[in-house]
Amino acid sequence: MTGSSCRLARGRAAGYSSRLRRYRLSFMDEIYRPEVIEPEVQARWDESRCFEVTEDRSREKFYCLSMFPYPSGRLHVGHVRNYTIGDVIARYQRMRGRNVLQPMGWDAFGMPAENAAIQSKVAPARWTYDNIEHMRRQLKLFGFGYDWSREVTTCRPEYYRWEQWLFTRLFRKGLIYKKNAVVNWDPVDRTVLANEQVINGRGWRSGAEVERREIPQWFMKITHYAEELLAELETLEGWPESVRTMQRNWIGRSEGVELQFPVEDHDVPLTVYTTRPDTLMGVTYMAVAAEHPLAVEAAVERPDLTEFMEDCVRMHASEATLETMEKKGMPLGVNAVHPLTGEPIPIWVANFVLMAYGTGAVMAVPGHDQRDWEFATRYGLPIRKVIDPLEGSPADVSEGAFVEYGRLVNSGNFDGLTSEQAFNAIADHFQVRGNGRRRVNYRLRDWGVSRQRYWGTPIPIVNCGECGAVPVPDEALPVVLPEDVEFDGQGSPLKRMPEFYRCKCPQCGGRAERETDTFDTFMESSWYFARYTCPDNDGAILDSRVNYWLPVDQYIGGVEHAILHLLYARFFQKLLRDLGLARDGEPFTNLLTQGMVLKDGAKMSKSKGNTVDPEPLAKQYGADTVRLFMMFAAPPDQSLEWSDDGVEGAHRFLKRLWRAVYVHVEAGLPELVEPDDLTGAQRQIRRRVHETIAKVGDDIGRRYTFNTAIAATMELLNDLGRFDDESEAGRWVRQEALSTLVLVLSPIVPHACQMLWECLGGEGLVIDQRWPEADQGALVRTAVEMVVQVKGRIRGRITVAADADDGTVTEAALAEPNVQRFVGDAEVRKVIVVPGKLVNIVV
RNA sequence: GCCGGGAUGGCGGAACUGGUAGACGCGCCGGACUCAAAAUCCGGUGGGGUGAAACCCGUGCGGGUUCGACUCCCGCUCCCGGUACCA
C-alpha cells in the first residue's frame, strides 16, 4: 500500500507504453499519473481508429456535432467546455449502442486573419494554417473522440468550391440578386468597416468619423423562406424555447396594410406600411429617410436641410445605435394629403428612418405610438387621440401614447368600431380604391452576402459589359483565392490584382472582370454539417451518405449563435433540399446552447487580462481533471465561473477514485456473489449503486446536467469510503460499485476510466462497453422518512413503511410529539399527504 | 431602444412536475498522522438563538395566488447574450 509498485509510471522512459498495455492488478500504480496514462490511452484510440465511423444501416445512428471553431490561434476554455459537452454526449450515446459520428473542422475564413496580417505582416493563409495545426494538436490533447478522417477546412478550395457551385445554382434559380446596401465607410483608411470596428462612430484604426455609404451587393432571398423558417420552428421540440422565441421574433411576421398618401404638387405618392391602420385618423405627420427622393428634392437650395441630412449620413449603421440615438428631424416644407380627410400632413425628414428598410417612409401616429409621441412632443407636433380602451376610463395621450388596441374615436365614419373591425374596414376601403392593400410583412431582411474583404470565398460571378453578371461555369470552379498576397489593410488586395480579376466572359467570350468581393463567412458555416458526411467527395457537393447521417441529432454551441448562424443554417438546409441534394428540411433535431465561461464575474478577454489558457492546466493536472471541472462547475446552458481551486478539487476526486480502485484491486478481484445473500449494509450500498446508475443515466441522457451526475458519483464514492466490509460479499459489492463508477464517469474522464476499467479486470475499450442499467430489485426500500408540517411549517419527521397508506401516515404524523405541541386541541381541517415525502396538517 | 436569459450561504452550484432550501464541490474551522510542514484522512460549517434543544429569520427588490412558492402571477432593479459586416 505504500508506493512500492511505481515502477511503471515514472514517465517517459523507453518502453513504458508497451508495458502499460498490460497495466492492471499488481502493475497498477498507487499514484494517479495523468501525464502517463493520457498519452497512452490516446495512442490506443489512434491505433484502433475507434472513432472513425461509416454508414451502417443496421444500427441506429447518432450525429453529435459541436460548432466548429474559428482558428484564432489557441484553444480557449470556452472551446474546451463546448467540446467536452459534445464528447460526453457522443461517448454516452455510443455506450448506449448508437453508431456515433462526431466530426471536427475549421471555420477558417474571417477578419482576425486579416488583422493579424496587418499587425505582424504574415499572410492570412499562413497564419490560419499555422493556427489550425496548433489547435488540432490541442484538441487531441483533451482526448475528444473525433473522426479526424472527416476534418473540413473552409478556406481550402476543396471546400469552398462547392459553396461557389451552390451559389451559381441558386443564382440560376433566381434566389440571388444585387441591390445597394449600407456599409460603414472609413474615409481615411478607405475601407469598409465591420460594426465592431466602429467605436463611438469612429473607425477603430484611423479614428475618422465613419460614414454610411451605399454600395451594390449580392443578396440571398432568405425572405422567400420566411414563412417556412417560422412555421417549422414549431416542430423543433428539441430546441430551447428561448432560441425558438428569439428566431420567431427575429423573423417578425406581421399583418398590416400598405397605404399611399398623395403628395401636394407631386405625381408620385408616398407609400407606407403600417400594422395599425385603425389609427389612420391619428396621423399628424410623416417621416422619410434622408436619402428619400422627397427629402433630396426639398434640400436643393435649403442649406439647413442639406446640413441635417449630411449629419444623418455620419452615423453607425447598426440597429442598436439607430434605436438608442436621439431622434431628430426637420420639416421638409412639403405636405402629404390624408387619404381619408384630404387634410394636409407635414412631411419631415428624420434620422431614425432608413431608406434601405421598407419604403423609406413612415406615417406617424403620436397618440398611439410611443416613439412618434416623443418625437411629436419634442417638435410641438399635434397629438390626436383616436383609440380608447374597450373598458374603463378613456385614454389620456397627454402623458404618453396609448398603444393598446381598443375602440375608435375622433375617426368619422369609423367611430365605435373596435381596432380589429377598423383594421378590416380601412383595409377594404383602400383595397377597393386601389390606393392600398393588405400585406404580410417580415422583419427579416434578405441576407447580404457580399463582403469587401480579402480573406473569404471569392464570389463566383463574372461581370461582363455585354452580358451583365454571369455565374462562373462548373468547369471553371473553384475560383481560387490567391493565398500569396501582401495584405496592408487598405482595402482588399484582390482589387489590385488584375491577374485575379481579368477574365473572359463565360457567355460571350469578351473581356470581363470577376467579382473581387468575397462571401460573408456565415456562408461556410451554413452547410459544413452536411459536408462532414462526405468530405472526400471531389465530384459533388453531397452524396447519399448525407441522408444516413442528417439531421444532426445533437448540436452544441454558444448561445450567441441563437439567431444568425442557426437561422442561416436552417435556410441552407432548405435550399439543399429544394435542389434535391438532401432529404431533410431541418438540420438540427436537438440543440444545446452553452453558456459562457467567466472569470471574476466577467467574460474572459485579453483586454481585461483575465484569460485562462487550458493547455498548461491540462499539463499540470491532466485533461481529465479539466474536463471534469468544467462539467462539474455548472450545468452546460449556464455561464460557468472559472475557479482554480475548483480545478484542484476535481483533481482530488480523481485521485480518490484512483486510490479507491487501487486499494480494492491490490487485495485481488472478488468472486461473484448472489445479491440475495447480502447483509443489510451490503444491500444498502448496492441500492446506492443502482440509484446512482439511474440518476447518472437520467442526468446525462435526458437532462444534460453533468454537474449533478458527477455529484451523484461523488456521493457514492463517499459512501464507499465509509463501507469497510472486507468479506467476500462486501468486496463483491465494492467491485460492482467501483466498476459502475468507472463506466458512468468514462464519458467525462475517459482516460482515467480506461485504465481503471482494466485494473478492475475489464477487457477492451471502455468506449465499447454497454452503459449499465439499474437493477430494479436493488432499488427497493422498506422504510422512508417523511417530513411533517403543521400549516406548511416543518415540525417533525417520521419514519414509516414505504408502502404505508395515507391513513397510517397521518396517524403517525399526528402522534409525533412536536407536531402534537403545534396542533394542540385545534381542529384538524385538512391533511395533505405527498407519498414518500411529506404530510401537511392544516388546522 | 427592442428580443432572449440570469440573480439562491464566504464562493461555484443543488432543489427535475408547487411539496424537507443549501445536495456535491471549493473555502474556512477543529481533529488525526508528522520532529515539523505539505499531502492525505475524519468531523463541523446559511444568519440569529440555546448548555443542548425548541424556536425565529432567510432564495435580487415590492406586491399577489396557495394548506404549502427558489418554483406560478403582477410590477421593478441590476447583470449577461443578440441586434443583421466579430465569430
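Here is the naming used below: chain letters follow the sequence lines, and residue numbers restart at 1 for every chain. Everything numeric here is computed off the predicted structure, so don't read it as measured data.
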Touch class at under 4.0 angstrom, heavy-atom based, for A/V192 against every strand present: base

G-U wobble or Watson-Crick pairing nucleotide for B/U17 (cut-off 3.5 Å, both distances): none

Check: A/N351 side chain, A/K328 main-chain N or O, donor-acceptor pair, under 3.5 Å: yes

Nearest-neighbour nucleotide for the A/L564 side chain, B/G43, B/A84, B/C86 considered: B/A84

Minimum-distance nucleotide to A/R445 side chain [options: B/C24, B/A84, B/A87]: B/A84

Salt bridge (Lys or Arg N to Asp or Glu O under 4.0 Å) against A/R652, all qualifying residues, sequence neighbours excluded: none

5' priority, RNA chain B, between A/F109 and A/N818 [closest heavy atom]: A/N818

Touch class at under 4.0 angstrom, heavy-atom based, for A/V243 against every strand present: nothing

Among B/C26, B/A21, B/A14, the nucleotide that comes nearest once only the side chain of A/I794 is considered: B/A21

Spacing of the P atoms in B/C42 and B/G63 (rounded, Å): 46 Å

Sugar-phosphate only, base, or nothing, as touched by A/N840 at under 4.0 Å among non-hydrogen atoms: base

Touch class at under 4.0 angstrom, heavy-atom based, for A/S450 against every strand present: base

Touch class at under 4.0 angstrom, heavy-atom based, for A/R702 against every strand present: base

Under 3.5 Å donor-acceptor, A/W455 side chain and A/A108 backbone: yes

Complementary nucleotide of B/U34, counting Watson-Crick and G-U pairs under 3.5 Å: none

Sugar-phosphate only, base, or nothing, as touched by A/W642 at under 4.0 Å among non-hydrogen atoms: nothing

Between P of B/U83 and CG of A/L444, the distance in whole Å: 14 Å

Rounded C1' spacing from B/G6 to B/G60 in Å: 11 Å

Phosphate-side-chain proximity, A/N718 and B/G25, N/O vs OP1/OP2 below 4.0 Å: yes

Sidechain-backbone polar pair: A/R81 side chain, A/G595 backbone, donor-acceptor under 3.5 Å: yes

Identity of whatever pairs with B/U50 - Watson-Crick or G-U, under 3.5 angstrom: none

Counter-base of B/C28, judged by Watson-Crick or G-U geometry with both distances under 3.5 Å: B/G44

Aromatic ring proximity A/F571/A/W527, centre distance under 6.0 Å: no

Residue A/F632, side-chain heavy atoms: nucleotide from B/G27, B/A84, B/G25 that is nearest: B/G25

Sugar-phosphate only, base, or nothing, as touched by A/E641 at under 4.0 Å among non-hydrogen atoms: sugar-phosphate

Closest listed nucleotide, where the reference is the side chain of A/Q452 and the choices are B/A84, B/C26, B/C85: B/C85

side-chain N/O A/R793 vs B/C57 OP1/OP2, d < 4.0 Å: yes

Sugar-phosphate, base or nothing in reach of A/M325, heavy atoms under 4.0 Å: nothing

Sugar-phosphate, base or nothing in reach of A/F653, heavy atoms under 4.0 Å: nothing

Touch class at under 4.0 angstrom, heavy-atom based, for A/T324 against every strand present: base

N-glycosidic conformation, B/G9 - syn within 90 degrees of 0, else anti: syn

Touch class at under 4.0 angstrom, heavy-atom based, for A/K327 against every strand present: nothing

Presence of donor-acceptor pair under 3.5 Å, side chain of A/Q197 and base of B/C85: no

Minimum-distance nucleotide to A/L838 side chain [options: B/U20, B/A87, B/A84]: B/U20

Sugar-phosphate, base or nothing in reach of A/Q789, heavy atoms under 4.0 Å: base

Selection from B/G43, B/C85, B/A15 that lies nearest to any side-chain heavy atom of A/N184: B/C85

For B/A7, the Watson-Crick or wobble partner whose two distances fall under 3.5 Å: B/U77

Span that lies between the C1' atom of B/A54 and that of B/G19, in whole angstrom: 24 Å

Heavy atoms of other groups near A/R190 CZ, more than 12 under 6.0 Å: no

Phosphate OP1/OP2 of B/C56: any A/R795 side-chain N/O under 4.0 Å: yes

A/R656 vs A/N718, side-chain hydrogen bond (donor to acceptor under 3.5 Å, both in side chains): CA-CA, chis, key distance, verdict: CA-CA 10 Å; A/R656 288 208 298 137; A/N718 289 344; 2.9 Å; yes

Residue-phosphate contact under 4.0 Å: A/R703 side-chain N/O, B/A14 OP1/OP2: no

Sugar-phosphate only, base, or nothing, as touched by A/R443 at under 4.0 Å among non-hydrogen atoms: base

N/O donor-acceptor pair under 3.5 Å between A/Y32 side chain and A/H651 backbone: no

Under 4.0 angstrom between A/K603 side-chain N/O and B/G81 OP1 or OP2: yes

Spacing of A/L354 atom CG relative to B/C2 atom P, expressed in whole Å: 18 Å

A/R821, nearest nucleotide to its side chain (from B/A84, B/C67, B/A54): B/A54

Residue met sooner reading RNA chain B from 5', once A/D446 and A/H561 are mapped to nucleotides: A/D446

Proximal nucleotide (of B/C24, B/C55, B/A84) relative to the A/N195 side chain: B/A84

Distance-only donor-acceptor test, A/R453 side-chain atoms vs B/C85 base atoms, 3.5 Å: yes

B/G58: pairing nucleotide in any strand, Watson-Crick or G-U under 3.5 angstrom: none

Complement of B/U83, any strand, by Watson-Crick or G-U distances under 3.5 angstrom: B/G1

A/V183 side-chain proximity, nearest of B/C55, B/U20, B/C85: B/C85

Whole-Å distance separating the CG atom of A/L598 from the P atom of B/A7: 13 Å

Phosphate-side-chain proximity, A/S318 and B/U83, N/O vs OP1/OP2 below 4.0 Å: no

Same-atom distance (P) from B/C80 to B/G27, integer angstrom: 28 Å

Whole-Å distance separating the CD atom of A/E241 from the P atom of B/G6: 13 Å

Sugar-phosphate, base or nothing in reach of A/Q217, heavy atoms under 4.0 Å: base

Nearest-angstrom distance, P atom, B/G22 to B/C33: 34 Å

Span that lies between the C1' atom of B/G58 and that of B/G10, in whole angstrom: 16 Å

Check: A/N840 side chain, A/G792 main-chain N or O, donor-acceptor pair, under 3.5 Å: yes

Distance in angstrom units between A/L566 CG and B/A87 P, rounded: 16 Å

A/Y555 side chain to A/L566 backbone, donor-acceptor under 3.5 Å: no

Presence of donor-acceptor pair under 3.5 Å, side chain of A/R656 and base of B/U40: no

